[in-house]
Each structure stands twice: as structure tokens, then as C-alpha cells.
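One structure is given here, and the rest of the page talks about it.
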Protein chains: 2
Amino acid sequence: MMHDEVVSRLRHVLTEGEIPPGARIPERELCASFAISRTPLREALKVLAAEGLVVLLPNRGSRAAKLTQRDVKELFEVCEGLEATAGELACPRISDAQLREIAELQASMVEHYRAQDLLSYYRCNRLIHEAIVRAADNAVLAGFYESVAARIRRARFITPMSPEHWALAIQEHEAILNALQRRDARGLAHILRTHLRRKREEVVRAGFAEGE
Amino acid sequence: MMHDEVVSRLRHVLTEGEIPPGARIPERELCASFAISRTPLREALKVLAAEGLVVLLPNRGSRAAKLTQRDVKELFEVCEGLEATAGELACPRISDAQLREIAELQASMVEHYRAQDLLSYYRCNRLIHEAIVRAADNAVLAGFYESVAARIRRARFITPMSPEHWALAIQEHEAILNALQRRDARGLAHILRTHLRRKREEVVRAGFAEGE
DNA sequence: TAGTCAAATTTTGCATTCAAAAATGCCTCC
DNA sequence: GGAGGCATTTTTGAATGCAAAATTTGACTA
């Protein structure tokens with residue numbers, strides 16, 4: 001198995017699941033489940049520690065990072081900036097095919113909203129935001145976004161959506177698609193900021209934090 | 001020696017010097033000079049590879065990353081976004097002491113400009129930008145900025161400055177300080193973007209790139 | 001003399017091993 | 001019966017060893 005693959009799989013284990021924040025990372029178990037020795041696993045742990053998903057306690061092993069209230073605030077602030085930048089860059093660069101793809105995602109997202117299917121809604125939502133970042137055609141930006149989004153994801157996912165917020169989010173997404181289609185960079189950046197800020201308030205209001 | 005220390009020292013070796021971009025990274029030599037074995041060095045290499053300072057070629061070792069024309073463009077685009085975000089966040093948060101510090105840095109930077117001391121000028125310039133990022137009081141943002149700035153630095157440093165550009169840069173810095181003092185977040189973000197965009201054009205026009 | 005192919009050497013990536021540090025459990029003593 | 005301390009076990013972090021891959025070397029051929 002290749003190095004990047006170990007990092008990806010470990011990241012997946014940490015973000016999508018199994019290991020709760022703050023929990024010890026069972027080195028031996030993961031070695032067994034990945035069928036590798038400790039050396040490549042530890043290399044991956046250091047990389048994810050640099051990304052902020054893992055905290056290394058000297059001589060006391062590694063744990064899945066906890067998100068404090070402050071972390072959530074900082075991550076959202078940066079995410080806002082990154083998405084706004086992505087939007088501005090995407091407007092002049094996005095292809096018709098990419099626009100169509102986003103429009104389709106938007107349509108199915110609205111479907112899921114109508115069906116009140118929160119999980120599918122979130123999946124579409126995520127894909128749309130990722131598509132915008134991809135349309136910005138900037139690998140450095142995409143890398144940072146991926147890293148921030150991965151850390152935010154858990155916080156976002158467990159947030160229950162009030163009906164009003166949900167309706168508002170849908171409206172904002174219409175405006176996002178609209179701005180993209182009009183190639184209105186400034187406008188798109190502004191809407192994305194507003195959208196993210198609202199999301200953040202929602203998360204913060206839900207009192208989300210993992211202690212420390 | 002601690003893990004983070006190895007990463008720092010290796011980063012320093014790569015950014016501030018000794019190993020030219022594209023050159024092979026001499027694993028054995030560095031192990032000797034750091035007085036560590038290959039394992040911790042390789043861990044540090046993976047971390048810096050994730051940061052983009054090192055490229056790992058499977059079964060062919062690691063090399064100091066080269067900056068292509070495209071990399072420079074992408075890094076500046078992201079840097080613009082990060083600094084603009086930092087400026088917006090810094091305005092409501094910056095303390096009087098921090099403002100004073102930046103004003104002093106600005107004064108000595110102008111001094112160095114008058115003395116046509118390019119290196120000292122660049123040092124002050126860098127310290128000002130770092131101070132603004134610090135004033136934003138966001139560790140995630142600061143981390144990303146540090147990473148982007150480290151990669152850009154070489155490109156920026158070797159750029160010779162035309163007299164007009166230099167004068168303009170000074171003017172822009174006056175405007176930056178002004179906006180900070182007025183706590184004009186939008187204005188500051190805008191000036192920072194303009195400032196960075198100009199810098200980037202300058203670097204690109206100087207035809208800077210390390211091939212590939 | 002230049003080119004090509006194969007052997008030898010080096011380098012890489014990973015597993016294993018080893019010493020030191022932390023955690024655990026057991027025993028004693030209060 | 002519980003707290004404290006010592007020994008044992010486990011875990012961590014790093015060095016070493018080993019097999020596979022790549023590069024270099026050198027000899028042979030055209």
C-alpha cells in the first residue's frame with residue numbers, strides 16, 4: 001500500500017467515523033487492519049497531526065483531535081475566506097459542463113430538501129461546494145479547503161437544521177448558482193461568505209464543541 | 001531531538017537555503033547532520049511533502065519542490081485570499097500595541113526604502129504582513145499563511161524591484177496602515193488584494209519559475 | 001570508439017528490534 | 001479497607017536490518 005493511501009484511509013477513519021474525537025488512536029489495531037507495520041502508520045499520523053486532525057502527545061501516543069468552540073470559529077472564518085476566494089476564481093474559469101453539473105446537483109439537493117432527507121441533502125450540498133472549489137482550478141486552494149472541510153465536517157454533520165434555516169440555505173444556494181451562471185465573482189464571493197457565516201452561527205448556536 | 005524540531009530544521013534547510021529546488025534531498029547526509037536516524041527524518045519528509053515543500057518520487061527518493069509558473073500563480077491567488085481574510089479579521093481585533101508595532105515597522109521600512117536597502121526593506125515588509133496575520137488571531141489561518149509564504153518566499157526574494165514598483169509598494173503600505181488604523185476591514189482587504197496582485201504580476205513578469 | 005547489456009552497488013521502503021517512558025497491577029503498610 | 005510504593009507489563013519513539021527497486025559501473029560487441 002502506498003503512503004498517500006495510508007494517509008487517506010486514516011483520514012477517512014478519523015473524519016467519517018470510527019474513532020471519536022479525543023479518543024486514543026489504537027496504533028496496533030490500525031496496523032493490523034491496514035496490514036502494514038507501525039512505521040508507515042506513524043508517518044501518516046505525523047502528516048495528519050500537521051493537518052490538525054490528530055494530536056501527538058509526546059510519549060503518550062496520539063489521539064483524534066477535539067474541536068473546541070474556538071477551533072470551530074477559526075475553521076469557519078478560514079473556510080469563509082477560502083470559499084469566497086474559490087468563488088471569485090471560479091467565475092471566470094468555470095466551464096459550461098461544470099456549471100451544468102452544479103445545476104444538476106442543485107436540483108437533486110432541492111429534491112432531497114422536499115423529501116426532508118437531511119443526509120442526502122448534506123451530501124449534495126458538500127458536492128456543490130466541492131465542485132465550486134474544483135472550478136477555481138487551484139490545487140493549493142483545493143488542498144487547504146479539503147483540510148479545513150475535513151475538520152469541520154463532523155461539527156457540521158451533527159447539526160440539526162431548523163426548518164427556517166434549511167429554507168434559507170436553499171434560497172442561498174439558488175443565489176449561489178445564479179451568481180455563478182451570471183459569472184458575478186464579487187456577488188458570488190459575498191453570497192458564499194453570508195452562507196458560510198450563517199452555517200457557522202447555526203453550528204455555534206447548536207453549542208457544538210467537543211470540550212477540552 | 002523532538003519531531004517538530006526536525007520538521008522545522010528541515011523546513012529551514014529547504015526554504016532558507018542549502019538545497020536548491022529540484023535537487024535530491026540527501027537522506028543520509030541530513031541524518032548525520034541532524035544526528036538522527038532515517039526514521040524520524042523520513043517522517044519529517046512526509047510532513048513537508050504534504051505541505052508542498054518536498055516531492056516524493058516513489059522508489060526514487062525525495063527532492064526539493066520546484067516552483068512552476070502555475071505554482072506561483074496558485075500560491076499568490078491563495079495568499080491574496082488569506083491576507084484579505086486576515087485583514088478583515090484583524091481590523092476589529094487588533095490591539096493598540098499591535099497597531100503601534102506595525103506603525104513602527106512601517107516607519108523603519110520607509111527608512112530602508114530611502115536608503116535603498118532592499119534586503120532590510122523585505123525583512124520589514126515580511127514582518128508587517130506577518131503582524132497583520134497575527135492580529136487576525138486565528139491559528140488555522142496563520143498556519144496556512146506560514147505554509148504559503150514559505151513556498152512563495154524564494155520567488156519573492158529574488159525579484160528585483162523597479163523604482164516605480166517600489167514607490168508604489170510603499171504607497172500601498174501607507175494605505176494598508178491607514179485602513180488598519182481606521183479599522184476599515186473592507187478597505188484593508190481590498191488594498192491587501194491589490195498589493196498582493198501587483199507583487200504577483202511583478203514576480204510573474206520577472207519570469208520567475210523553476211522549470212518543469 | 002560508442003552503444004548495450006548485465007552485474008554490483010546504492011538507495012528506498014518497510015518490518016523488526018531495542019531502549020526508555022508510561023501504565024498497570026500487586027503487595028505492603030497504615 | 002484503602003492509600004502508597006515497587007515491580008512488571010505495555011506502549012512509545014527511534015535505530016537497525018532486510019528485501020526490493022533503481023542506479024551506477026564495467027565489460028563486451030559492433
Between [N] ([atom2]) and [X] ([atom1]): distance, integer Å:
| X | N | atom1 | atom2 | result |
| --- | --- | --- | --- | --- |
| B:E29 | C:dT11 | CD | C1' | 14 Å |
| B:I25 | C:dT12 | CD1 | C1' | 14 Å |
| B:L56 | C:dT11 | CG | P | 18 Å |
| A:L41 | C:dA15 | CG | C1' | 13 Å |
| A:D4 | C:dG13 | CG | C1' | 14 Å |
| A:M2 | C:dG13 | CE | C1' | 12 Å |

Kindly give the heavy-atom pair with the smallest separation between [X] and [Y], and that separation in Å.
| X | Y | result |
| --- | --- | --- |
| B:I25 | B:R63 | CD1-C, 3.7 Å |
| A:L192 | A:G87 | CD1-CA, 3.9 Å |
| A:I128 | A:M109 | CD1-SD, 3.8 Å |

* Does B:R200 reach the main-chain N or O of B:F76 with its side chain, forming a donor-acceptor pair under 3.5 Å? -> no

* Asked: For B:V13, does its backbone N or O pair with a side-chain atom of B:E16 as donor and acceptor, under 3.5 Å?
  ->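 Pair absent, no side-chain N/O of B:E16 close to backbone of B:V13.
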
Scan [X] against the nucleic acid and name what it touches under 4.0 Å (heavy atoms): base, sugar-phosphate only, or nothing.
| X | result |
| --- | --- |
| A:M1 | sugar-phosphate |
| B:R42 | base |
| A:L57 | sugar-phosphate |

* To do: Could you give me the CA-CA distance, side-chain angles and deciding distance for A:Y121 and A:Y113, then say whether ring-ring contact (aromatic ring centres under 6.0 Å, His included) is met?
  => CA-CA 6 Å; A:Y121 167 82; A:Y113 167 62; 7.0 Å; no

* Is A:S37 near enough to C:dA15 that one of its side-chain N or O atoms lies under 4.0 angstrom from OP1 or OP2? ->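 So the side-chain polar atoms of A:S37 do come within 4.0 Å of the phosphate oxygens OP1 or OP2 of C:dA15, strictly under.
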
* Asked: Earliest and latest nucleotide of DNA chain D, 5' to 3', sitting under 4.0 Å from a non-hydrogen atom of chain B?
  ->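 Range of nucleotides touched by chain B: D:dA14 to D:dT23.
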
* **Candidate pair A:H195 and A:H190, rule ring-ring contact (aromatic ring centres under 6.0 Å, His included), full reasoning** => CA-CA 9 Å; A:H195 183 62; A:H190 186 258; over 10 Å; no

* Summary of protein contacts for nucleotides 19-25 of chain C, nucleotide by nucleotide, where a base hit scores B, a sugar-phosphate-only hit scores S (4.0 Å, heavy atoms) -> --SSS--

* 5′-ward residue of the pair B:R28/A:T39 relative to DNA chain C -> B:R28

* In this structure, which one of A:H112, A:E130, A:H173 forms a side-chain hydrogen bond (donor to acceptor under 3.5 Å, both in side chains) with A:N125? ->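 Single pass found, and it is A:H173.
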
* Among C:dT17, C:dA15, C:dT12, the one nearest A:I36 by side-chain distance -> C:dA15

* Asked: Quick one: is the NZ or CZ of B:R9 closer than 6.0 Å to the six-membered ring centre of B:F34, and within 45° of its axis?
  -> yes

